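Letters go in sequence order (proteins before strands), and every chain restarts at 1. If you're wondering where the values come from, they're calculated on a predicted model, not measured in any experiment.
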There are 2 protein chains.
Amino acid sequence: MDAKHPVRTTEKTLALVEELMDRGPCGVTELANGLEMGKSAVHNHLTTLQKHGYVLKTGDEYQLGLKFLEVGGSTRKSMEFYQVAEPEVKSLANETGELANLLVEEQGMGVYLMRSKGEEAVDLDTYAGLRTYLHTTALGKAILAHLPESRVEEIIERRGLERKTPRSVGSREELFEALEGVRDRGYAIDDGERLEGLRCIAAPVKDSSDEVLGAISVSAPASRVSDDDLHGRLPERVLSAANVVELNINY
Amino acid sequence: MDAKHPVRTTEKTLALVEELMDRGPCGVTELANGLEMGKSAVHNHLTTLQKHGYVLKTGDEYQLGLKFLEVGGSTRKSMEFYQVAEPEVKSLANETGELANLLVEEQGMGVYLMRSKGEEAVDLDTYAGLRTYLHTTALGKAILAHLPESRVEEIIERRGLERKTPRSVGSREELFEALEGVRDRGYAIDDGERLEGLRCIAAPVKDSSDEVLGAISVSAPASRVSDDDLHGRLPERVLSAANVVELNINY
DNA sequence: GATAAGTGTTCTGGATAATAGAACAGAATC
DNA sequence: GATTCTGTTCTATTATCCAGAACACTTATC
């Protein structure tokens with residue numbers, strides 16, 4: 001699993017990229033200080049990345065370029081699950097008027113593949129590509145509930161169970177209890193755990209051999225989701241969307 | 001502009017990433033042959049990228065992970081132009097029922113920031129992040145028409161004017177003539193140049209100091225776009241969308 | 001079922017290349 | 001106009017990347 005002979009130079013480049021992602025546009029000296037590297041080394045890495053389109057220079061500042069979006073967009077486009085689910089998530093958003101999301105698991109984390117806003121949708125700070133802990137969202141719990149228990153244990157081991165808010169899952173017992181509930185109901189719920197006043201309903205998408213491919217959700221402000229909706233109209237609609245994707249994936 | 005002291009190891013990693021993007025999932029030997037590198041070197045680079053989430057391994061095959069989408073999505077999200085234009089492109093798609101696009105220029109190439117499909121939209125093989133030559137699309141011509149002539153010359157020098165189809169622009173004279181027309185009309189047209197039977201209308205978005213930020217377009221099959229539409233209803237709608245973005249960007 | 005040819009992975013030391021540090025040029029600040 | 005910031009260039013030395021060989025497997029082939 002771990003690199004036996006890591007390429008240290010590459011690791012420095014990647015650290016530089018992530019530093020640039022966190023800081024936004026900035027100069028050579030600031031990056032060199034943040035990464036504890038010499039200015040000349042940082043400069044060499046930056047000009048190399050620039051040459052290949054991964055970094056842009058405007059004046060004396062460097063920033064990430066859209067080449068990452070090209071590579072990322074291309075990998076997303078090559079995923080059958082995304083291709084099939086995309087139109088369904090879109091109509092889910094249009095029909096409910098709320099925010100609809102698509103999440104997959106990768107290396108123990110949740111990755112948003114897309115989000116689609118309906119007419120009235122709240123504007124969360126999620127975006128395509130954003131990573132999230134699986135145990136902190138309805139989407140993540142819908143996925144965890146249908147992974148083998150050993151995989152779930154691995155993921156807890158690797159990523160921990162840090163509490164995002166006081167109301168959220170924070171222990172192994174709480175999580176497994178929650179996952180049991182998800183399996184019983186068929187869908188996962190987040191009632192203000194991640195964000196006060198926000199309710200989410202998520203359903204898993206499984207392939208023909210019952211392996212979970214990802215999850216679909218709708219997020220809406222509590223003011224527009226009655227307690228009846230939360231266990232009636234909305235889950236029905238989300239489950240139906242997930243079901244259509246399953247049918248289209250399995251031919 | 002060019003790296004004086006390029007980091008060769010980083011360049012090898014980037015070459016590996018692009019090879020992986022072109023080939024899709026594949027093994028160590030295939031990559032090593034394609035890149036003319038030793039197997040052990042390729043293996044070291046792959047495990048390093050995997051360690052940081054940029055590459056995934058399934059069985060004996062390696063493939064790109066969604067970390068690129070994270071970095072790319074984050075850079076896109078940090079662009080004010082995208083933030084402001086995104087809802088407008090979406091409603092342009094919904095109201096016309098066709099395919100709406102958003103393009104920016106980067107390093108002499110066009111980069112699609114997003115595409116939004118209306119009810120009847122054709123399904124082109126464009127995707128967020130895709131790069132295209134500027135002179136081959138209506139979107140690109142809308143941008144070129146509002147760049148300083150010296151920039152346009154630089155871009156021609158750097159990227160050439162390769163013809164995509166027999167009908168498309170293929171010489172400096174043709175291009176500058178076309179750009180003149182775009183400036184006169186206020187919008188750019190692609191009438192089957194890029195793809196037989198596909199008509200596109202694109203309008204530039206400029207900031208308060210008249211610098212072009214990008215372009216918005218609608219693409220539709222010729223069967224649904226009359227000659228009247230091509231110079232009436234559609235450009236009006238696209239220009240209006242571009243105008244709204246300009247107003248919202250300049251406060 | 002034995003052999004051969006494929007795969008990915010590990011290991012090593014010697015050739016390669018990354019980088020710290022100093023020096024430079026230019027901008028901004030005081 | 002001196003000082004202190006920038007980003008950039010250069011070089012020598014150190015660190016490290018990588019070819020090539022050997023390994024453990026799996027898959028073909030006869």
Does [N] have OP1 or OP2 under 4.0 Å away from a side-chain N or O of [X]?
X      : N      : answer
H5(A)  : dT9(C) : no
Y62(A) : dT6(D) : no
T29(A) : dG7(D) : yes

Using whole Å, report how far [atom1] of [X] lies from [atom2] of [N].
X      : N       : atom1 : atom2 : value
E11(A) : dC17(D) : CD    : C1'   : 13 Å
L35(B) : dC18(D) : CG    : P     : 12 Å
L49(B) : dC17(D) : CG    : P     : 13 Å
M37(B) : dA19(D) : CE    : P     : 6 Å
E61(B) : dT27(D) : CD    : P     : 13 Å
N33(A) : dG7(D)  : CG    : P     : 10 Å
H45(B) : dT9(C)  : NE2   : P     : 15 Å
E30(B) : dG6(C)  : CD    : P     : 15 Å

Among the nucleotides [options], which one has an atom lying closest to any side-chain atom of [X]?
X      : options                  : answer
R8(B)  : dT8(D), dT19(C), dA18(C) : dA18(C)
K12(B) : dA18(C), dC18(D), dT9(C) : dC18(D)
H43(B) : dG7(D), dT9(C), dC18(D)  : dT9(C)
A41(A) : dC18(D), dT9(C), dT19(C) : dT19(C)
K4(B)  : dT9(D), dA18(C), dG7(D)  : dT9(D)

Compute whether any side-chain donor of one residue and acceptor of the other, for T10(B) and T48(A), lie under 3.5 angstrom apart.
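Absent: no donor and acceptor within the cut-off.
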Counting distance alone, no hydrogens or angles: does the base of dG8(C) have a donor or acceptor under 3.5 Å from a partner atom on the side chain of K39(B)?
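When only heavy-atom distances are counted, K39(B) does reach the base of dG8(C) through a donor-acceptor pair under 3.5 Å.
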Is it the case that the base of dA20(C) and the side chain of S40(A) share a donor-acceptor contact (distance under 3.5 Å, atom types as modelled)?
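By the distance-only test, yes, there is a pair.
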Would you call R131(B)-E106(B) a salt bridge at under 4.0 Å N-O?
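A salt bridge is present here (some side-chain N lies under 4.0 Å from a carboxylate O).
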In this structure, is the centre-to-centre distance between the rings of Y127(A) and Y112(A) below 6.0 Å?
no
Atom NZ of K117(B) and atom CG of D123(B): how far apart are they, to the nearest 0.5 Å?
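It comes to 3.5 Å.
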First encountered from the 5' end of DNA chain C, between D60(B) and T9(B):
D60(B)
In terms of relative ring orientation, are F68(A) and F68(B) parallel, tilted or perpendicular, with 30° and 60° separating the classes?
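Aromatic pair F68(A)/F68(B) classed parallel.
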